[in-house]
Amino acid sequence: MTAARQDAWTPDEDLLLAEVVLTHIREGSTQLKAFEEAGKRLARTAAACGFRWNSSVRKQYISGIELAKKQRKEKMKRKDRKQETAPVSDKAKERNVENRSDELRLDDVILFLQKLDRTMKTEGSRAMEQEALEKELAGTKLEADKISIAYEKLKEDYELLIQEHRALLSIFEKARKLSAFEEV
């Protein structure tokens, strides 16, 4: 028995896990079988694959899951149509026409990809905006530090002036007393 890996997941492993799970969804298989296959391919346990899928990877592929489910549904419909050899009643024909509206079309795929592209661009611009804000924050912190240092220097200068002022007043007071004493 080979030891299962326990190291950190890489983006490539996440991608492989997603591909395997989405393929199983598309084919109508269970996620458990997908986790077992992914576990063998990644040298990890099926439980580790299941946990990774449910904790983080699945959230990144919500639209892909929906697309895979649509493809599975379409595949099942095509399979059902091939198996139908008996003459089709009018009601069954109407149902087939209604079901065709659920089919995956090239337009749907294009719209999905355009939406994904917009999402990626939005996330990219958000990342750039966040980076710019972080730089601005660092600059502001640096400026605040400089202001704080200048404030402390001014505070020290002010305290020194107060002390010198008091000393000068004390000298004036002594001089006044001396001049008053000499007059007497």
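- In this structure, Gln130 CD and Leu133 CG are separated by 8.0 Å, a value rounded to the nearest 0.5 Å.
- Rounding to the nearest 0.5 angstrom, the gap separating the OG1 atom in Thr45 from the CD atom in Glu36 is 11.0 Å.
- To the nearest 0.5 Å, the span separating CG on Leu111 from CG on Leu116 amounts to 12.5 Å.
- A salt bridge does not link Glu66 to Lys70: none of the charged nitrogens lies less than 4.0 Å from a carboxylate oxygen.
- Heavy atoms from other residues, nucleotides or ligands lying under 6.0 Å from CD of Glu173 number more than 12.
- Listed here is the closest heavy atom pair of Ala34 and Val21: CB-CA, 3.8 Å.
- Within 6.0 Å of CD on Glu152 lie more than 12 heavy atoms contributed by other residues, nucleotides or ligands.
- Inspection of the Glu159 and Gln163 side chains reveals no N or O donor paired with an N or O acceptor under 3.5 Å.
- Across all non-hydrogen atoms, the minimal contact from Lys69 to Ile25 is CG-CG2, 3.9 Å.
- Between Asp117 and the options Gln114, Lys115, Lys121, a side-chain hydrogen bond (donor to acceptor under 3.5 Å, both in side chains) holds for only Lys121.
- Under the 4.5 Å side-chain heavy-atom criterion for ILVMFWY residues, no single connected hydrophobic cluster contains both Leu67 and Val57.
- The 12-atom threshold is not exceeded at CD of Glu136, counting heavy atoms of other residues, nucleotides or ligands nearer than 6.0 Å.
- To the nearest 0.5 angstrom, Cys49 atom SG is 4.0 Å from Trp9 atom CH2.
- Annotation: side chain of Glu164 is in contact with side chain of Leu161 (closest heavy-atom distance under 4.5 Å).
- Using modelled atom types, one side-chain atom of Lys59 and one backbone atom of Ser55 make a donor-acceptor pair closer than 3.5 Å.
- For the pair Ser148 (side chain) and Ala144 (backbone), a donor-acceptor distance under 3.5 Å is absent.
- Glu13 and Arg44 are joined by a salt bridge, as a carboxylate oxygen and a charged side-chain nitrogen come within less than 4.0 angstrom of each other.
- Note: Phe35 CZ to Phe51 CZ = 12.0 Å, rounded to the nearest 0.5 Å.
- Taking every heavy atom of both residues into account, Ala38 and Leu17 meet most closely at CB-CD1, 3.6 Å.
- Among all heavy-atom pairs drawn from Val20 and Arg41, the shortest one is CG2-NH1, 3.4 Å.
- Ring planes of Trp53 and Tyr61: parallel class, angle under 30° (limits at 30 and 60°).
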#### Entry: Criterion salt bridge (charged side-chain N to carboxylate O under 4.0 Å, His left out) on Arg78 and Glu74, from CA distance to verdict
CA-CA 6 Å; Arg78 276 187 266 141; Glu74 174 57 29; 3.2 Å; yes

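- Closest non-hydrogen pair, Arg5 versus Leu42, comes out as NH1-O, 3.3 Å.
- One finds the OG1 atom of Thr119 at 9.0 Å from the CZ atom of Arg126 (value rounded to the nearest 0.5 Å).
- In the hydrophobic clustering of this structure, Ile65 groups with Leu15; members are Ile, Leu, Val, Met, Phe, Trp, Tyr whose side-chain heavy atoms approach within less than 4.5 Å, directly or through other members.
- With His24 as the fixed residue, the side-chain hydrogen bond (donor to acceptor under 3.5 Å, both in side chains) test singles out one of Glu37, Lys33, Gln31, Arg72: Glu37.
- Within the 4.5 Å cutoff, the side chain of Glu156 has no heavy atoms near those of the Leu160 side chain.
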